[in-house]
Visitor: 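Below is the structure I would like to discuss, written out as structure tokens.
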Amino acid sequence: MDSGFELTLLMVTTVLAGIGAQVCAAYFKVPSIVFLLSFGIVLGPDGLGLVHPNLLGNGLEVIVGLSVALILFEGGLSLELRDLGKVSGSLRNLVTIGTLVTLVGGGMAAHWLSEFPWPIAFLYASIVVVTGPTVISPLLKQVKVERQVATLLEGEGVLIDPVGAILAVVVLDIILNGTTATAPMTIVVGLSARLGIGSLIGIVGGWLVGNFLKRANFMAEDLKNLVVLASLWGLFGLAQLLRSESGLMTTVTFGIMLRASGLPEERLLRRFKGQLTMLAISVLFILLAADLSIATLFALGWGGPLTVLALMLLVRPVNIWSCTWNSDLNWRQKVFLGWVAPRGIVSASVASLFAILLTDRGINGGEAIKALVFLTIIMTVFIQGLTARFLAKTLGITSTQATGAVIVGSNPLSRLLARLFQERGEEVVIIETDEEDCKKAQQDNIRTILSSAFDAATLEAAGLEDAGTFLAMSSNGEVNLGVAQRAVEEFGPPRVLAIFPRDPQSAPPASQKIIQAFAPDLSIKHWNQYLLDGAVKLGETRLRYFGLEFQQAHLQALMRSQELIPLLLERDDRLQVMSIEDEWKPGDRILYLLHDPKPKLLKRLSGSSQKQLVADRLPAVEEVPVPIHVPELPVPELPVPELPPPDTVTPETPPETPPKTAPETPVDPPESPDAIAETKADPAPASPSDPSTVPSTVEGSDS
């Protein structure tokens, strides 16, 4: 078979398998590396034999280097510097002290448990120092944890990758050159030189490229993305030329500088680089996993799994607790951080390259290191990745609902909602196209953007990527549906709500993810006018455990009569905008607006200004007509007298009528229950035909 066709078939199969693994991971909602490793091993020489990475020769090293540079750049570009400042102390410790702890602990575990020689053991430990954004970022997208924890894991994954890779190169250089006597000093000098050179080139290059792109208005957005890609690989090559392995730090700092420069096209750039990164990860993992020998994994014996378990259960927890002892993280967050540390593509690529270098130099242990590194990747990804969600829920550090809201439309009702969110300490941004309405929101100390919500750059400037709620509530229902669709397609926030007609004429496919806010058939114009006239009251109610059905029916009756609209729902100490799909549960606290024209009349009569609405319990809502269940008393069955046959019936003599006697004094009503009982218990029969014998009516008794 022609070698050119073999290489073509190899790359086609690799890309198909990599993208297929990504699709399976998205469907089953597990980290993509699980399927990438599985597909690579199955398709490799030890499996079906469809993928042979050795056909690439030295080209594999080139593909690995350029792909890792792209991956680390995308990680640096995605870092949120504002969030990193909140965990800067712990992050600095993880990159410095944590690296040393993992290097020492991992080396001791590999030497004592896997019986590696000390140099090979520390080389393994230097490779597994890294965690990596390629596995951390997909994991955090599926396991929603508190922002502080997620930021620390993401920052560690991005920043420790170049540090770990450079550390591994320095340790390898010590092994190859035999300078073990001065190993500590060599490590310090090698790390400092490579980190310094890489950081300097990345910072200067990022500043130059960022300023150039800001002024290059003659270029299209697609061309600007390619300029960034070319600049990335150019700076990476320059750093590698000056000092080997310094290019990894260059790519990270280059991405951070571009993020800090505030490019107008940053969102499109991140999307473009994210797609390239996914392709690079897919290809690399398939190739590297296919190059793994299953026999070398079994050759490790029990020492290999025990080494990885020691790294997971001992070294990582000690690392976290020593680096976060003076932070404001609680013990639950530290436990989760101590458990989640999956290894990724940097460990796999470095181990594969080192195995080749050690074999070429005639040093034993290259294949064993590669096997142990891949075993570390497999165990950490499968065990930690698949149990992270359960552990986060058990520890109670999940963040199922992000905070903050982006609201489209500045009107009295939206400004009221923004104030209620701000009182809870959540950030709110209002987007409005009318300058006068913007000024009204700014007077209420609400952050406002004068622009169109159809512009993705405006949504990004409003912070929709980190917001938990997007609410479109302008006076035009079709516009609300359109901007909500834009938000779903571009950013996909957790909750997207809008005020729109019940059956819009042209509902887009994305409208299935858009929830109707507050109540069906809501007239926002009327309620805004009520607010301007002061003809409303802000109320709050707590759903009860007893009589919940009647309370719901009462509230829904007020909603159908357009007298009440529910605004916010508070559950488990979280506040969210009400929607028609929310299920009401006992214990929920509901904030609502009640139409009350009385304040409007009083305001006109007194001439007083409108006061700020304060939530209160309103009798019109709290007094729920709950029917009282009255038990039914048993009715005694009276005996039916037996009548003689018709032929034996004899006329009865009518009873004698007692003589009529008028009472000498009127009968007074009884004054006590005993008297009433004596009156009712009187055995003397009374004829209904004789009015003189009918007792007088007693107030409060049965007639």
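Just so we're clear, the structure is a prediction, and the values are computed from it rather than from any experiment.
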Visitor: With a 4.5 Å limit on heavy-atom distance, are the side chains of Ile345 and Ile71 in contact?
Guide: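 Answer yes - side chains close enough.
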Visitor: Quick one: does any side-chain atom of Glu156 pair with a main-chain N or O of Leu153 as donor and acceptor, under 3.5 Å?
Guide: no
Visitor: Is there a side chain to side chain contact (heavy atoms under 4.5 Å, CB included) between Met473 and Val408? Walk through the geometry before answering.
Guide: CA-CA 6 Å; Met473 53 182 305; Val408 177; over 6 Å; no
Visitor: Between Gln148 and Asp328, does the side chain to side chain donor-acceptor pair (under 3.5 Å) criterion hold? Intermediate values first, please.
Guide: CA-CA 10 Å; Gln148 191 176 13; Asp328 56 352; 2.8 Å; yes
Visitor: Got Arg343 and Leu311 here, is their nearest side-chain heavy-atom distance under 4.5 Å?
Guide: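 When only atoms from C-beta onward are counted, Leu311 and Arg343 do touch, with a gap below 4.5 Å.
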Visitor: State which residues pass salt bridge (Lys or Arg N to Asp or Glu O under 4.0 Å) with Arg92; sequence neighbours excluded, sorted by chain then number.
Guide: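 Residues passing salt bridge (Lys or Arg N to Asp or Glu O under 4.0 Å) with Arg92: none at all.
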Visitor: Applying side chain to side chain contact (heavy atoms under 4.5 Å, CB included) to Phe28 and Val34, what does each step give before you reach the verdict?
Guide: CA-CA 11 Å; Phe28 292 103; Val34 172; over 6 Å; no
Visitor: Between Thr458 (side chain) and Ala453 (backbone), is there a donor-acceptor pair under 3.5 Å?
Guide: no
Visitor: Strictly distance-based, threshold 3.5 Å: is any side-chain N or O of Ser410 a donor or acceptor partner for the main-chain N or O of Asp437?
Guide: yes
Visitor: Have a look at Val158 and tell me which of Val252, Leu77, Leu91 forms a side chain to side chain contact (heavy atoms under 4.5 Å, CB included) with it.
Guide: Val252
Visitor: For Arg486 and Leu481, indicate whether the former's side chain and the latter's backbone hold a donor-acceptor pair under 3.5 Å.
Guide: no
Visitor: Closest heavy-atom contact between Ala462 and Val406?
Guide: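 Between these two residues, the closest heavy atoms are O-CG2, 3.8 Å.
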Visitor: Quick one: are Ile377 and Ile33 in side-chain contact, heavy atoms under 4.5 Å?
Guide: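 Yes. Closest side-chain heavy atoms under 4.5 Å.
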Visitor: Test side chain to side chain donor-acceptor pair (under 3.5 Å) on Glu622 and Thr541; report intermediate values, then the result.
Guide: CA-CA 7 Å; Glu622 295 300 316; Thr541 186; 2.8 Å; yes
Visitor: Under 4.0 Å between a Lys/Arg side-chain N and an Asp/Glu carboxylate O for Glu436 and Lys440?
Guide: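 No salt bridge links Glu436 with Lys440.
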Visitor: In terms of side-chain geometry, is the basic nitrogen of Lys273 or Glu74 positioned less than 4.0 Å from the acidic oxygen of its partner?
Guide: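 Result for this pair is no, no salt bridge flagged.
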Visitor: Are the side chain of Asp455 and the backbone of Ala457 linked by a donor-acceptor contact shorter than 3.5 Å?
Guide: yes
Visitor: At what distance, to the nearest 0.5 angstrom, does CG of Leu618 lie from CG of Leu538?
Guide: 8.0 Å
Visitor: Begin with the C-alpha distance, continue with both residues' side-chain angles, and end with the deciding distance and a verdict on side chain to side chain contact (heavy atoms under 4.5 Å, CB included) for Ser579 and Gln516.
Guide: CA-CA 6 Å; Ser579 73; Gln516 203 165 19; over 6 Å; no
Visitor: Can you find a pair of side-chain heavy atoms, one from Leu94 and one from Leu152, that are under 4.5 Å apart?
Guide: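 Yes. Closest side-chain heavy atoms under 4.5 Å.
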Visitor: Please list, chain by chain and in numerical order, all residues satisfying side-chain hydrogen bond (donor to acceptor under 3.5 Å, both in side chains) with Gln552, sequence neighbours excluded.
Guide: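 Partners of Gln552 under the side-chain hydrogen bond (donor to acceptor under 3.5 Å, both in side chains) test: none.
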Visitor: Determine the minimum heavy-atom distance between Ala487 and Pro493, stating which atoms define it.
Guide: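 Looks like O-CD, 3.6 Å.
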Visitor: Under 3.5 Å, is there a donor-acceptor pair between the Ser282 and Gln22 side chains?
Guide: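 Distance-only check passes for Ser282 and Gln22.
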Visitor: Under 3.5 Å, sequence neighbours excluded: what are the donor-acceptor pairs made by side chains of residues 584-595?
Guide:
unit_1	atom_1	unit_2	atom_2	d
Asp588	OD1	Arg571	NE	3.0
Asp588	OD2	Arg571	NE	3.3
Asp588	OD2	Arg571	NH2	2.7
Asp588	OD2	Lys585	N	2.8
Arg589	NE	Glu540	OE1	2.6
Arg589	NH1	Glu570	OE1	2.7
Arg589	NH2	Glu540	OE1	2.5

Visitor: Assert yes or no for the condition that the ring centre distance of Phe336 to Trp339 is strictly below 6.0 Å.
Guide: no
Visitor: Output the distance between atom CD1 (Ile580) and atom CE (Met578), rounded to the nearest 0.5 Å.
Guide: 10.5 Å
Visitor: Taking C-beta and beyond as the side chain, do Leu568 and Leu417 meet within less than 4.5 Å on heavy atoms?
Guide: yes
Visitor: Between Ile256 and Leu79, is any pair of side-chain heavy atoms under 4.5 Å apart?
Guide: yes
Visitor: Output all residues satisfying salt bridge (Lys or Arg N to Asp or Glu O under 4.0 Å) with Arg389, sequence neighbours left out; order by chain, then residue number.
Guide: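 Scan of Arg389 (salt bridge (Lys or Arg N to Asp or Glu O under 4.0 Å), adjacent residues dropped) gives none.
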Visitor: Roughly how far, to the nearest 0.5 Å, is the CZ atom of Arg574 from the CD atom of Glu426?
Guide: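 So the gap between those two atoms works out to 9.0 Å.
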Visitor: Would a distance-only check, ignoring hydrogens and angles, find a side-chain to backbone donor-acceptor pair under 3.5 Å from Asn330 to Arg332?
Guide: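 Answer holds: yes.
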Visitor: Taking CD in Glu435 as the centre, count heavy atoms belonging to other residues, nucleotides or ligands within less than 6.0 Å. Is the count above 12?
Guide: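 Count not over threshold, so no.
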Visitor: What's the spacing between Leu569 CG and Glu583 CD if we round to 0.5 Å?
Guide: 11.0 Å
Visitor: Which value, rounded to the nearest 0.5 Å, describes the distance between Arg259 atom CZ and Leu263 atom CG?
Guide: 10.5 Å
Visitor: Show the nearest heavy-atom pair for residues Ile524 and Asn411, with the distance to one decimal.
Guide: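 For Ile524 versus Asn411, the nearest heavy atoms are CD1-ND2, 4.0 Å.
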Visitor: What are the two closest non-hydrogen atoms of Pro342 and Val135, and how far apart are they?
Guide: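 In this case the closest contact between Pro342 and Val135 is O-CG2, 3.4 Å.
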Visitor: Residues in salt bridge (Lys or Arg N to Asp or Glu O under 4.0 Å) with Asp434, at least two apart?
Guide: none
Visitor: After noting the C-alpha distance and the side-chain angles of Ile449 and Ile430, does the key distance pass the side chain to side chain contact (heavy atoms under 4.5 Å, CB included) rule?
Guide: CA-CA 6 Å; Ile449 298 178; Ile430 290 181; over 6 Å; no
Visitor: Can you find a pair of side-chain heavy atoms, one from Leu564 and one from Pro566, that are under 4.5 Å apart?
Guide: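 Leu564 vs Pro566: side chains touch.
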Visitor: Looking at Gln551 and Arg542, would you say the former's side chain and the latter's main chain have a donor-acceptor pair under 3.5 Å?
Guide: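 Side chain of Gln551 to backbone of Arg542, a donor-acceptor pair under 3.5 Å: yes, one is there.
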Visitor: Quickly, which of Asn93, Leu329, Leu337 forms a side chain to side chain contact (heavy atoms under 4.5 Å, CB included) with Ile320? Name it, please.
Guide: Leu337
Visitor: Please identify each residue that fulfils salt bridge (Lys or Arg N to Asp or Glu O under 4.0 Å) with Glu432, with sequence neighbours left out.
Guide: none
Visitor: What's the separation between atom CG in Leu567 and atom CH2 in Trp527, rounded to the nearest 0.5 Å?
Guide: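 Output value for this atom pair is 8.5 Å.
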Visitor: Looking only at non-hydrogen atoms, find the nearest pair between Ala25 and Ser32 and report the distance.
Guide: CB-CA, 3.4 Å
Visitor: Using side-chain heavy atoms (C-beta onward) and a distance below 4.5 Å, is Tyr530 in contact with Asp596?
Guide: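 No - every pair of side-chain heavy atoms lies 4.5 Å or more apart.
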Visitor: Please walk me through it: do Glu221 and Asn225 pass side chain to side chain donor-acceptor pair (under 3.5 Å)?
Guide: CA-CA 6 Å; Glu221 294 178 351; Asn225 292 337; over 6 Å; no
Visitor: Which heavy atom in Asn480 sits nearest to a heavy atom in Ile499, and how many Å separate them?
Guide: ND2-O, 2.8 Å
